[in-house]
Colleague: 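Structure provided below as structure tokens; questions to follow.
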Amino acid sequence: GRLQFSEFLETLAGVNVTQYGPIGTSATLRIRGLDSKYIPVRINGIDVTDPSSLQTQFDFGKLTSSGIASAEVLYGSQSAILGSGAIGGAVNITTVDAPDEIGNEIGYNLEIGSYDTVRAGLTYGTRFERGFLAMSLSSTNTEGYSAADENVGNAEADGFDSIDFSLRGEYRATDILTFGASVLAQNANFEFDASGGVGGDAARFSDYELIAGRLFALADFGSQTHEFSLESSQTTRTDPSLPAGWGAHLFEGQREKLTYLGVQSLDNGDTISIGAEAMTERYFSTDNTSPIHADYESNSVFTEWLTSPLTELDISISARLTDNSDYGSKTTGRVAIAWQAGPSSLLRASLSTGFRAPSLNELYGPFGANAALQPETSQSAEIGFEHVMGRVTFEAGLFQTRITDLIQYTTGYNQVPGTSSTDGYQLGLSYIFLNDAEIDLNYTSTDARAADGARLARVPRHDVSLSASTPLGQRTTAGLSLQSVSDRLDTTTPLEDYTVLNANLTYTLANGADLFMRIDNLTDEQYQTTRGYGASDRALYIGVRGTF
């Protein structure tokens, strides 16, 4: 897979990434025009958004693809289930799996390539009669390229080094009771060039560390389940190369969360879920002279009812009440339907409300904090249609989000009167050929505007993604992926359109191992996703992966 995991997510419909240079530098994921502060991220069920970042969000620039088994992107507002920030959607990631059958499996991968890149990883999974254990350990090292665009004379390369570890397991102690645990750890060092060109191409570096864990106990009584979970995470960022007098150079965010979820299956086939959550988030920053400590507590109760009044109609109704020690209570709700309109046609629709709480940095941090901020609130609607005709699948959808009382930074953080809007539509087409070759084409049109009608920065009006794969004989598979982005602004100035093409080739050896080669930016497109910051030139990577 690609070196940075967000490069994979970017191939999905309506998903776009902007970044301040190579892997390691800050990267923002957008779903249908709404950026990372509106997209909670969970890895193995652990909320890994950073309470110490400018807004509580996850930085995809440091997440490699090593050790990741699968990912799910949820589109649209999920605040009724997930709480604050889940306005644009959500991303759920699962690390390495254990084997399907009882036994052990060791996996390995080694990759070398452009920019002096070396990546190596080991995985181990075991499944036994009453559970499983799976773990991964990987190392990524690259010299990188200049974050400040090299095409205007910047030459100092910005590298990235990272060690990643994950472990998860479950044990069925009795026929009713199952215990589980998950641990995540990443330690990374990355180089970057200062925002807006401040400091130019000077050698700047930073350290990043994420440590997180989750424990759960699940009691399964057949028609009724009860799950208790406890999770904790700590994200630490340091900027020791920050020039004197420029502000804080240590940031630390912590989160503890205790959750209960009960699910009852009724005799008529309906399902009712009831849950409660107690969460504490903590913020710390310092420049060695002015330490800032801040925290708040949030307590929530939530429920979801799944019902099928007709065989071909599914309805989901969910609601959540959150009470926060700083900004008070918020109630959110969501209604979604899925109607099997025919044997090959599915219609989906949803209406939802959501909110984004002010982050601890916006309330109390060192950069223009405002303790009087209140949550942003949102209303979202979408409708989608899917039709399957043999080997062809066609999808279409409309989406709309309104966000009121937006929090923005001018001379400080302030609530902006009025309502910002994001409107658009998606079209998707996939076709499976007789030789099992497959092509997927997606187009998303997004119109994102602030309350005053001005277009929001870095949201492309047009986003096309295409992926294709085809077998070449019994052992070889070739693939192409393309992304074309056009009509963007950075503040009020247009950014150049770009089209990037990537290619890959995989050959399976007789022992089952895969030799692979990939070429990123096949046509050597010169482009920027963020003004002033460069992207990869044509780059070649080769490697081997397998299991035994």
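Any value given below was found using the heavy atoms of this structure, including those in side chains, with hydrogens, waters and symmetry copies removed.
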Colleague: Name the orientation class of the two ring planes belonging to F8 and F5 (parallel below 30°, tilted from 30 to 60°, perpendicular beyond 60°).
Modeller: tilted

Colleague: Any donor-acceptor pair under 3.5 Å linking the side chain of T444 with the backbone of G14?
Modeller: yes

Colleague: Using modelled atom types only, decide if a donor and an acceptor are shared between the side chain of S316 and the backbone of L306 within a distance under 3.5 Å.
Modeller: no

Colleague: Using salt bridge (charged side-chain N to carboxylate O under 4.0 Å, His left out) as the criterion, list what pairs up with E438, not counting sequence neighbours.
Modeller: none

Colleague: The test is side-chain hydrogen bond (donor to acceptor under 3.5 Å, both in side chains); show your working for S380 and T401 and say whether it passes.
Modeller: CA-CA 4 Å; S380 299; T401 297; 3.2 Å; yes

Colleague: Charged N to carboxylate O below 4.0 Å: is that the case for D158 and R204?
Modeller: no

Colleague: Are the side chains of R334 and I81 in contact, using a 4.5 Å heavy-atom criterion?
Modeller: no

Colleague: Pair L9, F60 - check side-chain contact (heavy atoms from CB on, under 4.5 Å), show working.
Modeller: CA-CA 10 Å; L9 294 178; F60 277 92; 3.7 Å; yes

Colleague: For T547 versus G107, what's the shortest heavy-atom pair and its separation?
Modeller: CG2-CA, 4.0 Å

Colleague: Aromatic rings Y145 and Y115: how do their planes relate, parallel, tilted or perpendicular, breaks at 30° and 60°?
Modeller: tilted

Colleague: Atom CD of Q4 and atom OG of S536: how far apart are they, to the nearest 0.5 Å?
Modeller: 11.0 Å

Colleague: When you measure from the side chain of E191 to the backbone of G159, do you find a donor-acceptor pair of N or O atoms at a distance under 3.5 Å?
Modeller: yes

Colleague: Would you call F216 and L218 a side-chain contact if the rule is heavy atoms closer than 4.5 Å?
Modeller: yes

Colleague: Strictly by modelled atom types, are D35 and T28 linked by a side-chain donor-acceptor pair under 3.5 Å?
Modeller: no

Colleague: Working to the nearest 0.5 angstrom, can you tell me the gap between E170 CD and F128 CZ?
Modeller: 9.5 Å

Colleague: How about S84 and T322: do any of their side-chain heavy atoms sit closer than 4.5 Å?
Modeller: no

Colleague: Any side-chain heavy atom of L63 within less than 4.5 Å of one from I68?
Modeller: yes

Colleague: Using only atom types and a distance under 3.5 Å, with no angle test, would you say the side chain of T238 pairs donor to acceptor with the backbone of P240?
Modeller: no

Colleague: Side-chain contact test, heavy atoms from C-beta onward, threshold under 4.5 Å: evaluate it for V48 versus S233 and give yes or no.
Modeller: no

Colleague: May I ask you to decide if R42's main-chain N or O and D47's side chain share a donor-acceptor pair within less than 3.5 Å?
Modeller: no

Colleague: Tell me, do D50 and D59 make a side-chain contact under 4.5 Å, heavy atoms counted?
Modeller: no

Colleague: Taking atom CG of N511 as the centre, report whether more than 12 heavy atoms of other residues, nucleotides or ligands fall under 6.0 Å from it.
Modeller: yes

Colleague: Rounded to the nearest 0.5 Å, what separates atom CG in L3 from atom OG in S65?
Modeller: 6.5 Å

Colleague: Do we see a donor-acceptor contact under 3.5 Å between the side chains of S136 and S166?
Modeller: yes

Colleague: Please name the pair of heavy atoms, one in G85 and one in P40, separated by the smallest distance, quoted to 0.1 Å.
Modeller: O-CD, 3.7 Å

Colleague: Among Q426, R32, R348, which one satisfies side-chain hydrogen bond (donor to acceptor under 3.5 Å, both in side chains) with E382?
Modeller: R32

Colleague: List the steps, then state whether side-chain hydrogen bond (donor to acceptor under 3.5 Å, both in side chains) holds for T126 with N104.
Modeller: CA-CA 4 Å; T126 180; N104 304 314; 2.5 Å; yes

Colleague: Quick one: does T18's side chain have a donor or acceptor within less than 3.5 Å of a partner on T530's backbone?
Modeller: no

Colleague: Are V459 and L34 side-chain neighbours, meaning at least one heavy-atom pair lies under 4.5 Å?
Modeller: no

Colleague: To check you understand the geometry: which heavy-atom pair defines the closest contact between G61 and A27, and what is its length?
Modeller: N-CB, 3.4 Å

Colleague: Would you call the rings of F192 and F190 parallel, tilted or perpendicular if under 30° counts as parallel and over 60° as perpendicular?
Modeller: tilted

Colleague: Taking all heavy atoms of I39 and all of L29, pick out the closest pair and write down the distance.
Modeller: CD1-O, 3.5 Å

Colleague: When rounded to the nearest 0.5 angstrom, what distance separates OG in S36 from CG in L54?
Modeller: 12.0 Å

Colleague: Do we get R237 above F251's six-membered ring, with its NZ or CZ under 6.0 Å from the centre and within 45° of the axis?
Modeller: yes

Colleague: What donor-acceptor contacts under 3.5 angstrom involve side-chain atoms of residues 277-284, with partners at least two apart or in another chain?
Modeller:
residue: E277; atom: OE2; partner: R320; partner atom: NH2; Å: 2.9
residue: E281; atom: OE2; partner: R255; partner atom: NE; Å: 2.9
residue: E281; atom: OE2; partner: R255; partner atom: NH2; Å: 2.8
residue: R282; atom: NH1; partner: E256; partner atom: OE1; Å: 2.2
residue: R282; atom: NH1; partner: E256; partner atom: OE2; Å: 3.4
residue: Y283; atom: OH; partner: S285; partner atom: OG; Å: 3.3
residue: Y283; atom: OH; partner: N361; partner atom: OD1; Å: 3.3

Colleague: Quick one: does R168's side chain get under 4.5 Å of T94's, heavy atoms only?
Modeller: yes

Colleague: How far apart are the C-alpha atoms of T225 and D220, what are their side-chain angles, what is the distance that settles it, and do they pass the side-chain hydrogen bond (donor to acceptor under 3.5 Å, both in side chains) test?
Modeller: CA-CA 4 Å; T225 63; D220 187 345; over 6 Å; no

Colleague: Report the distance from atom CG of D520 to atom CG of N502, rounding to the nearest 0.5 Å.
Modeller: 5.0 Å

Colleague: Can you tell me if Q78 uses its side chain to pair, donor with acceptor, with the backbone of G76 under 3.5 Å?
Modeller: yes

Colleague: With side-chain contact (heavy atoms from CB on, under 4.5 Å) as the criterion, how do V263 and E304 come out once you've worked through the C-alpha distance, each side chain's angles and the decisive distance to 0.1 Å?
Modeller: CA-CA 9 Å; V263 181; E304 183 178 32; over 6 Å; no

Colleague: Taking the six-membered ring for Trp and the single ring otherwise, decide whether the centroids of Y260 and F228 are under 6.0 Å apart.
Modeller: yes

Colleague: Mind checking whether F179 and Y171 have ring centres under 6.0 Å apart?
Modeller: no

Colleague: On a heavy-atom basis, which atom in E101 and which in R127 lie closest, and how many Å separate them?
Modeller: O-CB, 3.6 Å

Colleague: Determine, stepwise, if the pair V96 / Y124 fulfils side-chain contact (heavy atoms from CB on, under 4.5 Å).
Modeller: CA-CA 8 Å; V96 61; Y124 171 75; over 6 Å; no

Colleague: What's the spacing between I87 CD1 and L82 CG if we round to 0.5 Å?
Modeller: 12.0 Å

Colleague: Going through the checks in order, is the side-chain hydrogen bond (donor to acceptor under 3.5 Å, both in side chains) test met by S139 and N141?
Modeller: CA-CA 7 Å; S139 169; N141 304 91; 3.1 Å; yes

Colleague: Test your reading of the model: is there a side-chain donor-acceptor pair from D524 to the backbone of R538, 3.5 Å cut-off?
Modeller: yes

Colleague: Would D175 and R130 count as a side-chain contact (heavy atoms from CB on, under 4.5 Å) if you check the C-alpha gap in whole Å, the side-chain angles of each, and the deciding distance to 0.1 Å?
Modeller: CA-CA 9 Å; D175 291 343; R130 288 194 167 271; 3.9 Å; yes

Colleague: Can you name the nearest heavy-atom pair linking F160 to I23, along with the distance?
Modeller: CB-O, 3.5 Å

Colleague: Main chain of Q19, side chain of T529: is a donor-acceptor contact present, judged purely on distance under 3.5 Å?
Modeller: yes

Colleague: For residues S359 and T56, is any side-chain donor paired with an opposing acceptor at under 3.5 Å?
Modeller: no

Colleague: Please check if the side chain of S469 supplies one atom and the backbone of G479 the other of a donor-acceptor pair under 3.5 Å.
Modeller: no

